[in-house]
Amino acid sequence: QVQLVESGGGLVQAGGSLRLSCAASGRTSTSRAMGWFRQAPGKEREFVAAISWNGAITYYADSAKGRFTISRDNANITVYLQMNSLKPEDTAVYYCAADGRTVRWGTLPTHLADFDFWGPGTQVTVSS
């Protein structure tokens, strides 16, 4: 079992920055790849970024590349999403997710079906 709780969402002006945090708990929570997804009203939930179980590898959606940075602390308890140069189209509920597999090697999960554990989400609103 893995439990996830996001925090750090809020209202920010276009061009501003925001840092989201995801606190993980559970026996195997520190040995799973983690991801960030987002969902805007009327839209499908989409992949934003992922980080490997050991923090060595990251991957970003094109929409996030160059603006967002995913990281995790040394104890693998907290995962972060630093969001810079925010745009109104970044407005969405942001979800933290944990890989359904532990210590995945060779690839990073990026599909909804790869992630079995989800936080309740945190709202990010970017005004123009």
Looking only at non-hydrogen atoms, find the nearest pair between [X] and [Y] and report the distance.
X: P109; Y: F115; value: O-CZ, 3.3 Å
X: I51; Y: L108; value: C-CD2, 3.7 Å
X: Y59; Y: T110; value: CD2-CG2, 3.7 Å

Quiz item: Is the backbone of V126 close enough, under 3.5 Å, to the side chain of T91 for a donor and an acceptor to pair up by distance?
Solution: yes
Does G100 offer a backbone N or O that forms a donor-acceptor pair with the side chain of R32 under 3.5 Å?
yes
Interatomic distance, [X] atom [atom1] to [Y] atom [atom2] [nearest 0.5 angstrom]:
X: N54; Y: R72; atom1: CG; atom2: CZ; answer: 8.0 Å
X: T102; Y: R27; atom1: OG1; atom2: CZ; answer: 9.0 Å
X: L86; Y: S127; atom1: CG; atom2: OG; answer: 10.0 Å
X: D73; Y: Y80; atom1: CG; atom2: OH; answer: 5.0 Å

Apart from W105 itself, its cluster of hydrophobic side chains linked below 4.5 Å comprises W53, V103
>> Working note: L112 + W118, criterion side chain to side chain contact (heavy atoms under 4.5 Å, CB included); need CA distance, chi angles, decisive distance, verdict.
In response: CA-CA 10 Å; L112 286 168; W118 297 83; 3.5 Å; yes
Are L4 and L81 linked, directly or through intermediate hydrophobic residues, by side-chain heavy-atom contacts shorter than 4.5 Å (ILVMFWY only)? yes
If Ile, Leu, Val, Met, Phe, Trp and Tyr residues are connected whenever their side-chain heavy atoms lie under 4.5 Å apart, and connections chain through other members, are Y94 and F37 in the same group? no
Checklist entry - Does any non-hydrogen side-chain atom of C96 lie less than 4.5 Å from one of W36? => result yes
Quiz item: Quick one: does S52's side chain get under 4.5 Å of R104's, heavy atoms only?
Solution: no
Considering only distance and modelled atom types, tabulate donor-acceptor pairs under 3.5 Å from the side chains of residues 10-24, sequence neighbours left out.
from	atom 1	to	atom 2	distance (Å)
S17	OG	N84	OD1	2.8

What donor-acceptor contacts under 3.5 angstrom involve side-chain atoms of residues 39-50, with partners at least two apart or in another chain?
from	atom 1	to	atom 2	distance (Å)
Q39	OE1	R45	NE	3.3
Q39	OE1	R45	NH2	3.3
Q39	NE2	K43	O	3.1
E46	OE2	R38	NE	2.6
E46	OE2	R38	NH2	3.2

For this session: Output yes when K87 and D90 qualify as a salt bridge under the 4.0 Å nitrogen-oxygen rule, no when they do not.
Result: no
